[in-house]
Amino acid sequence: MVAHDVTADALARARAAIADRARRVADFPKPGIAFKDLTPVLADPEGLSAIVTALTHGCSRVDLVAGIDARGFLLGGAVARELQVGVLAVRKGGKLPPPVIAIDYQLEYGTARLEIPADGIELVGRRVLVVDDVLATGGTSVAAARLLEQAGAEVIGFAVIMELAGLGGRETIAAGLGDVPVHSVTLD
Ligand SMILES: O=P(O)(O)OC[C@H]1O[C@H](OP(=O)(O)OP(=O)(O)O)[C@H](O)[C@@H]1O
Ligand SMILES: Nc1ncnc2[nH]cnc12
């Protein structure tokens with residue numbers, strides 16, 4: 001099956017929506033963090049549509065989309081619908097009923113736990129695309145991938161709206177997971 005390619009025009013529309021509407025908030029949630037707020041981009045109908053389409057760029061033979069708690073949920077279902085597959089919520093700790101598979105990890109401004117169900121979803125051998133809004137240090141992405149792999153899935157790529165330059169997210173993914181494609185709609 002060929003990759004799900006998106007036209008240059010569609011990618012440009014998504015990038016323009018981000019440039020027009022993304023907010024930068026200094027010192028949130030902690031001093032020294034430059035927070036990228038994509039809420040206004042996703043609240044705009046054309047922005048949401050352009051971004052969901054752009055996130056599917058280059059995807060090939062995806063069986064399942066995984067959206068990471070919480071902002072990745074906004075995107076995961078929509079991207080799954082576009083690719084005509086199902087969606088799995090990778091949840092923060094304590095939200096899912098047992099049994100779960102869990103992993104603790106670090107992100108740009110703290111530590112957290114991610115969980116997926118250990119039962120009821122066949123993940124063995126399934127090709128999973130992980131979707132989120134922002135790639136910063138890459139801690140969240142690597143943790144989500146490790147969980148999915150522990151359950152037997154194959155993580156075939158990451159798709160994010162915005163990759164933050166200088167935080168090493170792409171390099172952390174490469175170091176932790178090898179040659180897994182990372183598609184970011186825009187680099188900031
Ligand atoms: O690359 P990293 O340094 O790991 O950071 C990226 C993660 O940080 C944010 O989520 P956050 O944990 O703040 O949760 P939220 O979606 O509930 O706001 C963002 O949505 C990514 O999931
Ligand atoms: N600087 C940042 N802005 C928005 N989301 C983030 N997640 C991790 N770092 C972030």
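Considering every non-hydrogen atom in both G47 and A17, the closest pair reads CA-CB, 3.8 Å. When all heavy atoms of V62 and C59 are compared, the pair lying nearest together is CG2-CB, 3.9 Å.
Residues forming a side-chain contact (heavy atoms from CB on, under 4.5 Å) with D9 (at least two apart in sequence, or on another chain): T7, R13. Checked against salt bridge (Lys or Arg N to Asp or Glu O under 4.0 Å), D133 has the following partners two or more places apart in sequence or in another chain: R71. In this view, F35 and F28 satisfy the ring pair (Phe, Tyr, Trp, His ring centres under 6.0 Å) rule, not counting sequence neighbours. For D20, there are no salt bridge (Lys or Arg N to Asp or Glu O under 4.0 Å) partners, not counting sequence neighbours. Remark: D104 engages R113 in a side chain to side chain donor-acceptor pair (under 3.5 Å) (not counting sequence neighbours). Residues passing the side chain to side chain donor-acceptor pair (under 3.5 Å) test with R127: none are found, sequence neighbours excluded.
The ring-ring contact (aromatic ring centres under 6.0 Å, His included) pairs that include a residue from residues 127-181 number zero, where partners must be two or more places apart or lie in different chains. Among residue pairs with one or both ends in residues 26-40, those qualifying as side-chain hydrogen bond (donor to acceptor under 3.5 Å, both in side chains) are R23-D37, D37-T39; sequence neighbours excluded.
For E171, the CD atom is densely surrounded, since the number of other residues' heavy atoms within 6.0 Å is greater than 12. Residue R21 qualifies as open at atom CZ: its count of foreign heavy atoms under 6.0 Å is 12 or below.
Atoms CG and OG1, on L167 and T137 in that order, are 7.0 Å from each other to the nearest 0.5 Å.
With a 4.5 Å cut-off on side-chain heavy atoms, L55 and V131 count as touching. Contact annotation: the side chain of Y105 approaches that of L114 to within less than 4.5 Å [non-hydrogen atoms, C-beta and beyond]. Taking the side chain as every heavy atom from C-beta outward, V128 and D63 never approach each other to under 4.5 Å. Counting heavy atoms from C-beta outward, I121 and I116 have side chains that stay 4.5 Å or more apart. Considering only heavy atoms from C-beta on, M162 stays 4.5 Å or farther from L135 through its side chain.
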Would you mind writing out the side-chain donor-acceptor pairs for residues 140-154 within the sub-3.5 Å range, not counting sequence neighbours?
| unit_1 | atom_1 | unit_2 | atom_2 | d |
| --- | --- | --- | --- | --- |
| R146 | NH1 | G176 | O | 3.4 |
| R146 | NH2 | G176 | O | 3.0 |

Donor-acceptor list for residues 72-96 side chains, cut-off 3.5 Å, not counting sequence neighbours:
| unit_1 | atom_1 | unit_2 | atom_2 | d |
| --- | --- | --- | --- | --- |
| E82 | OE2 | T53 | OG1 | 3.2 |
| K92 | NZ | D69 | O | 3.2 |

Quick one: side chains of residues 178-188, donor-acceptor pairs under 3.5 Å with protein atoms, not counting sequence neighbours, listed by atom name and distance.
| unit_1 | atom_1 | unit_2 | atom_2 | d |
| --- | --- | --- | --- | --- |
| H183 | NE2 | A54 | O | 2.8 |
| S184 | OG | E163 | OE1 | 2.7 |
| D188 | OD2 | R24 | NE | 3.4 |
| D188 | OD2 | R24 | NH2 | 2.1 |

For L129 and T56, run side-chain contact (heavy atoms from CB on, under 4.5 Å): C-alpha distance rounded to whole Å, both residues' side-chain angles, the deciding distance at 0.1 Å, then the answer. CA-CA 9 Å; L129 174 71; T56 66; over 6 Å; no
Check the pair L42 / I51 against side-chain contact (heavy atoms from CB on, under 4.5 Å), numbers first and verdict last. CA-CA 8 Å; L42 302 179; I51 278 167; 4.3 Å; yes
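I68 and L164 fall into different hydrophobic clusters, where Ile, Leu, Val, Met, Phe, Trp and Tyr side chains are chained together by heavy-atom contacts under 4.5 Å. Taking hydrophobic clusters as Ile, Leu, Val, Met, Phe, Trp and Tyr residues chained together by side-chain heavy-atom distances below 4.5 Å, V160 shares a cluster with L64.
Hydrophobic clustering, defined by side-chain heavy atoms of Ile, Leu, Val, Met, Phe, Trp and Tyr closer than 4.5 Å, groups V6 together with L11.
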